[in-house]
Amino acid sequence: MIGGFGMQQQNGKVKKLDNDFTRRREIELNNSKVTAVLSNRRKKRALIIIAIFVFFASIFLVQIVRAKVNYADVHVQIAREQKNLANQKANNKKLKSQVSQLNDKSYVEQIIRDRYYYTKPGETVYSFPNKAPKDVNDYDVK
């Protein structure tokens, strides 16, 4: 200590004062360095936490998008199958009407007479030129 003030020799001619102000200032600087180190650590932790959050959020976002795409595909498939079902129901109705007509004895008799040219005993069949007979294979049941 030199002359009532505590002074310490440092590099060369510059001396450091050793009083309450310089000690408090040195403590504050040390504390600010520690605070800066802690602040940097906290920033790194925060960035890591944010990165993890963004990673999981992106995974969930991808899952949601996939679910939406699958939902749209299923919706299109349902619409297509409902249309197919309606067509099958119409076809089934048509076939049922044909079956019911074929169960009718008079209708079957008419088809046999028209297609296969059957006659009852004693009947005579006349064919007219403007009304050509249909071939057996070309006949459509109505």
Side-chain angles (χ1 to χ4, degrees), residues 1-2 5-142:
M1 279 209 208
I2 301 176
F5 294 107
M7 294 180 106
Q8 297 175 349
Q9 177 121 9
Q10 285 190 346
N11 298 339
K13 298 180 182 178
V14 179
K15 295 183 180 179
K16 183 177 177 185
L17 289 176
D18 190 18
N19 60 16
D20 289 337
F21 175 77
T22 56
R23 279 187 239 125
R24 276 187 270 141
R25 183 75 176 144
E26 190 174 315
I27 291 171
E28 287 174 7
L29 286 175
N30 286 337
N31 286 341
S32 67
K33 287 179 185 178
V34 171
T35 305
V37 170
L38 289 176
S39 177
N40 286 339
R41 287 182 186 167
R42 288 180 185 139
K43 285 179 185 177
K44 286 179 185 178
R45 283 186 199 143
L47 287 175
I48 291 171
I49 290 170
I50 289 171
I52 291 171
F53 175 76
V54 168
F55 175 74
F56 283 113
S58 64
I59 288 174
F60 291 138
L61 182 65
V62 167
Q63 292 295 329
I64 289 171
V65 168
R66 283 185 181 174
K68 285 270 196 189
V69 168
N70 287 340
Y71 175 76
D73 289 343
V74 168
H75 187 66
V76 166
Q77 188 177 6
I78 286 172
R80 183 175 47 239
E81 292 301 323
Q82 284 177 342
K83 187 176 180 181
N84 188 20
L85 177 64
N87 290 339
Q88 291 297 329
K89 282 184 178 182
N91 190 25
N92 191 22
K93 186 176 181 180
K94 180 181 173 185
L95 291 174
K96 281 185 178 182
S97 70
Q98 287 178 357
V99 167
S100 68
Q101 286 177 340
L102 289 173
N103 287 332
D104 184 16
K105 189 174 181 178
S106 63
Y107 180 76
V108 172
E109 186 178 304
Q110 179 189 355
I111 288 177
I112 291 173
R113 285 173 175 254
D114 289 344
R115 273 195 189 174
Y116 304 111
Y117 304 109
Y118 279 98
T119 60
K120 291 183 182 180
E123 283 184 335
T124 307
V125 177
Y126 298 100
S127 52
F128 299 102
N130 61 353
K131 212 175 186 187
K134 290 184 178 180
D135 189 14
V136 172
N137 295 327
D138 292 340
Y139 195 88
D140 292 333
V141 177
K142 294 181 183 177

Using atom types as modelled, flag every donor-acceptor pair under 3.5 Å from a side chain in residues 71-80 to any protein atom, sequence neighbours excluded.
none

Any chance you could measure Ser32, atom OG, to Ile27, atom CD1, to the nearest 0.5 Å? 12.0 Å
From Lys89 NZ over to Asn87 CG, what is the distance, rounded to the nearest 0.5 angstrom? 11.5 Å
Once side-chain contact (heavy atoms from CB on, under 4.5 Å) is applied, do any residues pair with Ile48, and if so which ones, sequence neighbours excluded? Ile52
Inter-residue atom distance Leu95.CG - Gln88.CD, 0.5 Å rounding: 9.5 Å
Check: Thr35 main-chain N/O paired with Ser39 side-chain donor or acceptor under 3.5 Å: no
Run the side-chain contact (heavy atoms from CB on, under 4.5 Å) test against Glu28 and tell me which residues pass, sequence neighbours left out. Arg25
Candidate pair Arg113 and Glu109, rule salt bridge (charged side-chain N to carboxylate O under 4.0 Å, His left out), full reasoning: CA-CA 6 Å; Arg113 285 173 175 254; Glu109 186 178 304; 3.8 Å; yes
Identify the two heavy atoms, one from Leu102 and one from Val108, that lie closest to each other, and give their separation to 0.1 Å. O-CG2, 2.9 Å
Interatomic distance, Ile49 atom CD1 to Arg42 atom CZ [nearest 0.5 angstrom]: 12.0 Å
Is there a donor-acceptor contact under 3.5 Å linking the side chains of Asn103 and Ser100? no
Glu81 meets the salt bridge (charged side-chain N to carboxylate O under 4.0 Å, His left out) criterion, sequence neighbours left out, with none
Test of understanding: with salt bridge (charged side-chain N to carboxylate O under 4.0 Å, His left out), list the residues that count as partners of Asp20, not counting sequence neighbours. Arg23
Partners passing salt bridge (charged side-chain N to carboxylate O under 4.0 Å, His left out) against Lys43 (at least two apart in sequence or in another chain): none
